[in-house]
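First up is the structure itself, then whatever we jot down about it.
Here the structure is a predicted model, which means the values were calculated and not measured. So you know, we letter chains A, B, ... as the sequences are listed, proteins then strands, and number each from 1.
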There are 2 protein chains.
Amino acid sequence: MSADEPLVLVIDDEPQLLRFLNAALKSHGYRVLTADTAAEGERLAVSHRPDAILLDLGLPDRDGLEVVANLRAWCEIPILVISARGKEDDKVEALEAGANDYLTKPFGTRELIARIGVALRNRVQPLTISPIIEFGAIRVDLEGRTVTRHGEKIHLTPNEYKLLAAMVRHPGKILTHNQLLKEVWGAANLQQTHYLRVYMNTLRHKLEEDPAQPRHFQTELGVGYRLVE
Amino acid sequence: MSADEPLVLVIDDEPQLLRFLNAALKSHGYRVLTADTAAEGERLAVSHRPDAILLDLGLPDRDGLEVVANLRAWCEIPILVISARGKEDDKVEALEAGANDYLTKPFGTRELIARIGVALRNRVQPLTISPIIEFGAIRVDLEGRTVTRHGEKIHLTPNEYKLLAAMVRHPGKILTHNQLLKEVWGAANLQQTHYLRVYMNTLRHKLEEDPAQPRHFQTELGVGYRLVE
DNA sequence: CCGCATCCTGACGCCGTCTTGACGCGAACG
DNA sequence: CGTTCGCGTCAAGACGGCGTCAGGATGCGG
């Protein structure tokens with residue numbers, strides 16, 4: 001799944017530096033979004049909500065400090081400023097405007113990666129959805145990786161849990177065979193729909209009141225399965 | 001007592017720099033606590049819970065990175081590292097150990113103040129856990145690095161302790177093989193799950209009543225381990 | 001240089017998990 | 001009405017993870 005890797009937005013107008021940053025970040029497991037103007041950068045920040053922003057102060061179309069202020073007006077995404085200017089006043093202004101860090105060119109890849117790591121480390125998770133889902137007598141704690149039924153802990157094998165977690169993340173929606181297979185067994189096993197039947201069976205036996213007449217784990221014939229509450 | 005102004009703990013052994021930092025911080029509205037050794041600094045951090053820590057890496061009694069790790073074992077107070085060494089490796093090590101920022105001497109007052117401001121700005125809720133954790137007959141003192149069982153001191157080797165500390169920091173949660181391996185043996189040994197089995201074994205023998213049927217150090221098959229109380 | 005503690009590594013048996021196959025059932029279809 | 005297909009069910013064997021132990025390498029202090 002590509003969505004669990006942090007997304008970094010790089011705003012810089014130098015093509016070389018842009019390529020360099022892109023490669024460095026990707027090789028360290030980040031997804032990267034690039035923009036070569038302030039306007040484009042701000043637009044992407046709004047639409048993609050990156051986990052961190054790398055901002056070069058020397059942009060052609062707008063002052064870098066203004067970009068920081070604009071971003072800070074509506075979000076708290078960590079901003080790491082890059083600049084050729086190393087004067088103390090520049091740093092102070094940027095940091096006070098809302099930047100989280102200030103790197104003076106030239107800087108090393110490893111330091112950059114480490115500082116991005118710091119920025120991501122102390123971000124506050126908005127926690128969009130509650131990591132705990134309940135339906136019927138069943139409670140799934142995605143964070144603690146525990147499942148209880150009538151308050152009693154239910155032991156699930158890794159595959160069973162992965163399958164349950166995949167369904168729990170999209171309650172009410174249909175999950176096709178392909179989606180489930182890809183999520184649990186990887187894209188190489190898209191044909192093995194038999195796996196699904198076997199594991200759905202054990203899940204029902206462990207979680208449903210009457211496994212033969214499932215209330216929550218319903219099968220959509222020829223399509224996939226659906227979790228109903 | 002002016003308790004609403006942020007409290008900064010400065011750990012440094014150079015009297016001049018100490019005085020300088022003290023004056024600079026106070027003039028910007030901070031309360032200041034000073035220590036000239038690592039041991040004293042850690043003690044003050046525990047007793048006063050400062051809002052930020054300024055740490056000079058060149059301490060006489062202990063390695064600065066070790067101090068960072070010790071503090072990070074039980075708290076998330078922002079740590080700004082000061083060092084005369086400006087090499088990239090030094091910075092990366094400190095930042096990865098848990099430091100929030102790295103300043104190379106000499107640095108300007110205003111930049112220092114600005115960076116402290118950043119650290120305080122994005123501090124998360126003081127998610128400090130008590131440096132002392134108990135479960136069953138076992139007591140772990142993360143600050144003193146001591147472990148007792150039924151009141152008797154238990155000797156742990158460095159790796160054993162690191163593994164225990166990693167688990168103690170997230171009681172009840174699953175710690176995956178990767179997380180534990182990264183924390184104890186570094187990211188280079190993510191494959192050596194065998195290490196985990198060996199050390200979990202010795203930990204259980206030293207701490208569990210019945211090592212064959214562990215109550216606290218439970219294994220989550222195929223995933224990792226979990227510390228239950 | 002020696003001894004000790006710690007760490008790494010390999011071997012082995014056990015047990016849970018995964019895979020695979022067989023079979024019954026019902027619905028859809030010709 | 002018979003066939004076919006998808007699905008549920010069960011069981012058995014393969015597989016790999018896990019715990020366990022011990023020998024050897026390594027590093028450190030005396």
**Study point:** Length of the CD-P vector between A:Gln192 and C:dT20, whole Å
**Key:** 6 Å
Review point. For the residue pair A:Tyr195 and A:Trp185, does the interplanar ring angle fall in the parallel (under 30°), tilted (30 to 60°) or perpendicular (over 60°) class?
Key: tilted
Point to revise | 5′-ward residue of the pair A:Tyr195/B:Leu221 relative to DNA chain C | key: B:Leu221
Check your understanding: Within this structure, what is the NZ-to-C1' distance between A:Lys206 and D:dT9, rounded to whole angstrom?
Key -> 16 Å
Exercise for review: Could you tell me the separation between the OH atom of B:Tyr199 and the C1' atom of D:dC21, rounded to a whole number of Å?
Suggested key: 14 Å
Exercise for review: Using a heavy-atom cut-off of under 4.0 Å over every strand shown, decide if A:Phe217 touches base, sugar-phosphate, or nothing.
Suggested key: nothing
Check your understanding: Under 6.0 Å from the CZ atom of B:Arg145, do we count more than 12 heavy atoms belonging to anything else shown?
Key -> yes
Review point. For B:Lys182, does the NZ atom sit with more than 12 other heavy atoms under 6.0 Å from it, leaving out its own atoms?
Key: no
Check your understanding: Across the strands shown, which category fits B:Thr219 at heavy-atom distances under 4.0 angstrom: base, sugar-phosphate, nothing?
Key -> sugar-phosphate
Review point. Is the shortest side-chain N/O distance from A:Tyr225 to OP1 or OP2 of D:dC7 below 4.0 Å?
Key: no
Exercise for review: Would you mind reading off the distance between B:His155 atom NE2 and C:dC4 atom P, rounded to a whole angstrom?
Suggested key: 15 Å
Check your understanding: Within this structure, what is the CG-to-C1' distance between B:Asn159 and C:dT9, rounded to whole angstrom?
Key -> 14 Å
**Study point:** Distance below 4.0 Å between B:Thr157 side-chain N/O and C:dC7 OP1 or OP2
**Key:** yes
Review point. Between B:Glu40 and B:Arg43, is there a salt bridge with N-O shorter than 4.0 Å?
Key: yes
Exercise for review: Take atom NZ of B:Lys105 as the centre, draw a 6.0 Å sphere, and report whether it contains more than 12 heavy atoms from other residues, nucleotides or ligands.
Suggested key: yes
**Study point:** Given DNA chain D, 5'-ward residue of the pair B:Glu220 and B:Val198, judged by closest heavy atom
**Key:** B:Glu220
Point to revise | Nucleotide D:dG16, atom C1' - distance to NE2 of B:His177 in whole Å | key: 12 Å
Revision key, fill the gap. Of D:dT9, C:dC18, C:dT9, the nucleotide closest to the side chain of B:His194 is C:dT9
Review point. To the nearest angstrom, how far is A:Trp185 atom CH2 from C:dT19 atom P?
Key: 7 Å
**Study point:** Any B:Arg197 side-chain nitrogen or oxygen under 4.0 Å from OP1 or OP2 of D:dG19
**Key:** no
Exercise for review: Let me know the distance between CD of A:Glu160 and P of C:dC18, rounded to the nearest Å.
Suggested key: 7 Å
Practice item. Compare side-chain N and O positions of A:Asn201 against OP1 and OP2 of D:dG8 and report whether any pair is under 4.0 Å apart. Key: no
